[in-house]
Each structure stands twice: as structure tokens, then as C-alpha cells.
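First comes the structure, then the notes that go with it.
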Amino acid sequence: VIDLLVAGGGPAGLATAINAAMAGLDVVVVERRPGPIDKACGEGLMPGAVRALGELGVPVDGHPLDGIRYVDGRHRVQAAFRCGQGLGVRRTALHGALSRRAAELGIPVVEGVVDEVRQDARTVTAAGLTARYLAAADGLHSRVRRRSGLHRPPGARREARYGLRRHFAVPPWTGHVEVHWSARAEAYVTPIGPGLIGVALLTADRAPFSEQLAAFPSLACRLHGRAVTPVRGAGPMRQRTTSAVAGRVLLVGDAAGYVDALTGEGITVALTCAPHLVRCVRDDRPQAYAHAWRRASRTYRLITTSLLWLRGHPCVAPLIVPTAARFPSVFGAVVNRLA
Ligand SMILES: Cc1cc2nc3c(=O)[nH]c(=O)nc-3n(C[C@H](O)[C@H](O)[C@H](O)COP(=O)(O)OP(=O)(O)OC[C@H]3O[C@@H](n4cnc5c(N)ncnc54)[C@H](O)[C@@H]3O)c2cc1C
């Protein structure tokens, strides 16, 4: 019997598997798509994520990120990371780096879909494989989360938000991740390479990328005619869970719940929670993971939920950037809390 079966070979799944192999566990990953896997993502790795990848022995190439800048047309504020650099990294490059490390550790990555999950007192079976535990890292719309009864429907009070991402052959004009704010959307600009930037639009409006980009005239002007990848989308972003654990099934990454991409934290949270999951599996204490996950993801959930709440109020939202510009040390403290 395998120690740990991992459903999904995205950053959360591969990081969990690498942690498990490094802890001496026998681990297998089941991933439904062939690599290199791309995804709608802002592609900004916070310093915490860069550090976690280093600890896993995963070298990644990317564009150094110095901090975060907010812009709204009239105001601008930026904060430098104080605890190391972030990295702008193409998702395909991140997947390649994690896959190479997994291969180096001899972790089998099997192509397949995890659908039905069965568990008894000692084992869990999915995709024809039996293991002591299953780590569900199958993303935002996790099937395993639903199958295990851990999915909590979204509250009716919040508008669903979506993300759209596209790359442009434009040299980065800053080492900061630049977040442009408009009345209904945010545009995240991440430097990815010497001649490449990624733009992620986050919004509750369901309209094409080009239409949404028009809400940011100066950015649209800079990017005009320079798109080099098709648009990729994801959402609704907000996904809730009742717990991160159901018996021998443990959720990690977006599968464990997601608030919003507004703070660009998803990969950091996934990489931070993965070692907790592995420790709980190794110690045969799956229930301890529910608490560990809550603790490890708390700051992200709190800050993102608060920012999203402010964003959702038409009288308050226009004050976010001017207020951050007025109190740059508070802005810096929040950025560094997340970083
Ligand atoms: C628009 C947008 C911008 C973002 N920007 C950032 C950012 O700048 N920085 C950041 O850190 N985070 C960002 N995020 C969040 C980040 O993309 C996610 O948190 C991260 O991808 C989570 O990794 P994961 O492995 O949990 O899920 P995923 O990356 O979605 O991987 C899940 C994997 O599971 C596989 N899978 C799914 N179902 C099954 C199944 N049934 N069986 C087998 N395999 C399956 C999928 O093919 C996929 O490979 C952003 C998100 C969005 C939507």
C-alpha cells in the first residue's frame, strides 16, 4: 500500500509529493493533464514561496520581484519586500521545475483522473490505487473536495469573481508587481522575463479580456498589439470548505479553499501547507492537519477577505489606493505580512 496518493500535479500536489518523498514516504501523483501545465495565474511568487521552493530543492528561473505597487490613475504607492525577493515565473516553468525535482526523487506521476474516492478504517482508494492517505490537490473546483463532503456552497452575499490572464511581449518597466485599480476590476502586471509581462484581470464582470482592459487606458495603450499568448480564465475564485480533512482525505492548495487572487498568495499558501500535511500523514494524525491548515492560511484568508470586503463597497473601494498612498508604512506592513 502506498503511503500517500496525491490527486493533482499542480504546485500544491507536486510540492506535497516532494515533501513526502523527502520525509521518506512512498508517494504517487495522479494528474489528468500532460505537462508542461499552464494555468490562469498572476505568476508572482511571493518571497515565502521562493524560500519554500528553495527548501524543496527546486531551482526556478524568473524575473526578480522587489515588491508590490498599487496604482489608480491618480495615486501610486509601493512597498518593497523586506524578507527577500519574489519571482515572476511562467506557470509552465514552475511546473517544469517541480516535475524535474519529483522525477529526481523517483516520484511516479501517473496520467489519470481522480473521481470516486472510497475509504475504510486503514486505507483510501481512488483512480485504481490504494494508499494510507489521499492528498487532494486537484485545484479550485476540486472533485475530491465535493466527493468527500467537504465542499461548502458560496455565501449568497458576495459576487462571484473571475480571473483572466494573458502575456505581452513588453519589457517590464518596474521590478514591482503593479496592481492597477479601476471601478470594477484590478489588473495585475507581473514582470516575467526581460521582454515579457503577464497581466491578470480580476473582476466580477463576465466580459472579454480586451473589453475589461479598456478600463485601464494607460495600461491598454502600453500593451496594444503586443499579446503573445491566448487568454486563460479561472473562477469563480471563492471556494469554501467545511474542513481540510475528511478521514484519510486531506485537502491542500486551492482544493482546501480559496478566497481571491487579489493578494497573489495562492502558491505561497499551497507550499506552506504542504509540509504540514506530510507531517500529519507521517505521524498518523490526519485530524491535526485541519488545525495546521487553518493556522498556516489564516493571515492570507484574513487580509484577502478584508481587502475584498472593502473592494465590494462602492463608497470605500475608490479610497483603497489613496489611503494606502497616504499611509505607506501601513501598506508596507500589510505587504510584508503577506510576503
Ligand atoms: C487570475 C489568477 C491569478 C493568480 N495569481 C497568483 C499569483 O500571482 N501568485 C500566486 O501565488 N497565486 C496566484 N493565483 C493562485 C494560484 O494560481 C493557485 O493558488 C495555485 O495554482 C494553486 O495550486 P494548486 O496545485 O492547488 O491548483 P492548480 O494549479 O489548479 O493544480 C491542480 C491540478 O490538479 C489537476 N486536476 C484537477 N482535477 C483533477 C482530477 N480529478 N484528477 C487528477 N488531476 C486533477 C489539474 O489538471 C491541475 O494540474 C492566481 C489565481 C488566479 C485565478
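Predicted, not measured: the structure shown is a model, and the values here were computed from it. One-based numbering along the sequence shown. In each ligand, atom 1 is the first atom listed, and ligand 1 is the first ligand listed.
Of all protein heavy atoms, the one lying nearest to atom 21 (O) of ligand 1 is Arg91 NH1, 2.8 Å. The protein atom (non-hydrogen) at minimum distance from atom 32 (C) of ligand 1 is Ala137 O, 3.5 Å. Protein heavy atom at the shortest distance from atom 10 (C) of ligand 1 is Gly264 O, 3.5 Å. Closest to atom 9 (N) of ligand 1, if we only count protein heavy atoms, is Gly44 O, 2.8 Å. Remark: minimum distance from atom 11 (O) of ligand 1 to any protein heavy atom is reached at Ile267 N, 2.9 Å. Of the protein's heavy atoms, Lys39 CE, 3.5 Å lies nearest to atom 30 (O) of ligand 1. Of all protein heavy atoms, the one lying nearest to atom 52 (C) of ligand 1 is Ala40 O, 3.5 Å. In this structure, the protein non-hydrogen atom closest to atom 15 (C) of ligand 1 is Tyr258 OH, 3.2 Å.
The aromatic rings of His180 and Phe216 lie perpendicular to each other, with more than 60° between the two planes, well past the 30° mark.
In this structure, Arg298 is not positioned above the aromatic face of Trp293 in the sense of NZ or CZ being under 6.0 Å from the six-membered ring centre and within 45° of the axis. A cation-pi contact, defined as under 6.0 Å to the ring centre and within 45° of the axis, links Arg206 to Tyr162. For the pair Arg248 and Tyr133, the distance from NZ or CZ to the six-membered ring centre is under 6.0 Å and the angle to the ring normal is within 45 degrees.
Each of Arg90, Arg33, Arg91 was evaluated against Asp38; a single residue qualifies, Arg90, per the salt bridge (charged side-chain N to carboxylate O under 4.0 Å, His left out) test.
The pair Arg282-Asp3 does not count as a salt bridge, with every side-chain nitrogen at least 4.0 angstrom from each carboxylate oxygen. By the 4.0 Å N-to-carboxylate-O rule, Glu159 lies too far from Arg311 to be salt-bridged with it. A salt bridge between Arg161 and Glu186 is present, with a side-chain N of the basic residue lying under 4.0 Å from a carboxylate O of the acidic one. Using a cut-off of 4.0 Å between Lys/Arg side-chain N and Asp/Glu carboxylate O, Asp115 and Arg147 are scored as salt-bridged.
Put simply, the side chain of Gln239 gets close to the backbone of Pro236: a donor and an acceptor are under 3.5 Å apart.
Comparing heavy-atom distances from atom 19 (O) of ligand 1 across Asp254, Asp138, Val114, Asp115 singles out Asp254 as nearest. Heavy-atom proximity to atom 1 (C) of ligand 1, evaluated over Ala15, Ala7, Gly163, is greatest for Gly163. Between the choices Arg32, Arg165, Glu186, Glu31, the shortest heavy-atom distance to atom 35 (C) of ligand 1 belongs to Glu31. Nearest to atom 5 (N) of ligand 1 by heavy-atom distance, out of Gly10, Gly139, Gly42, is Gly42. Of the options Gly8, Ala261, Gly253, the smallest heavy-atom separation from atom 2 (C) of ligand 1 is shown by Ala261.
Residue Glu43 has at least one heavy-atom neighbour below 4.0 Å for each of these atoms of ligand 1: 7 (C), 8 (O). Those atoms of ligand 1 that come under 4.0 Å of a heavy atom in Ala234, given as number and element, are 53 (C). Each of the atoms 43 (C), 44 (N) of ligand 1 lies under 4.0 Å from some heavy atom of Val30. Within the listing of ligand 1, atoms 23 (O), 25 (O), 29 (O) sit less than 4.0 angstrom from a heavy atom of Pro11. Within ligand 1, the atoms closer than 4.0 Å to a non-hydrogen atom of Glu265 are 11 (O), numbered from 1 in the order shown. The contact set between ligand 1 and Val113, taken as ligand atoms under 4.0 Å from a residue heavy atom, comprises 41 (N), 42 (N). Atoms of ligand 1 found under 4.0 Å from any heavy atom of Ile37, numbered from 1 in the order shown, are 49 (O). Less than 4.0 angstrom separates some heavy atom of Gly266 from each of these atoms of ligand 1: 10 (C), 11 (O), 12 (N), 15 (C), 19 (O).
Residue Leu140 places no heavy atom under 4.0 Å from ligand 1. Leu202 counts as a contact of ligand 1, since one of its heavy atoms falls under 4.0 Å from the ligand.
Of the polar atoms of Leu45, none of the N or O atoms is found under 3.5 Å from an N or O of ligand 1, judged by distance alone.
The number of heavy atoms from other shown groups lying within 6.0 Å of CG (Asp205) is above 12. Other residues, nucleotides and ligands place no more than 12 heavy atoms under 6.0 Å from the CZ atom of Arg337. Atom CZ of Arg285 has 12 or fewer heavy atoms from other residues, nucleotides or ligands within 6.0 Å. In His141, the NE2 atom is crowded: over 12 heavy atoms of neighbouring residues, nucleotides or ligands sit closer than 6.0 Å.
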Please assess Glu31 against Val110 for the test side chain to side chain contact (heavy atoms under 4.5 Å, CB included), listing each intermediate value before the final yes or no. CA-CA 6 Å; Glu31 164 58 51; Val110 180; over 6 Å; no
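Here Met46 has no heavy atoms under 4.0 Å from ligand 1, in either its backbone or its side chain.
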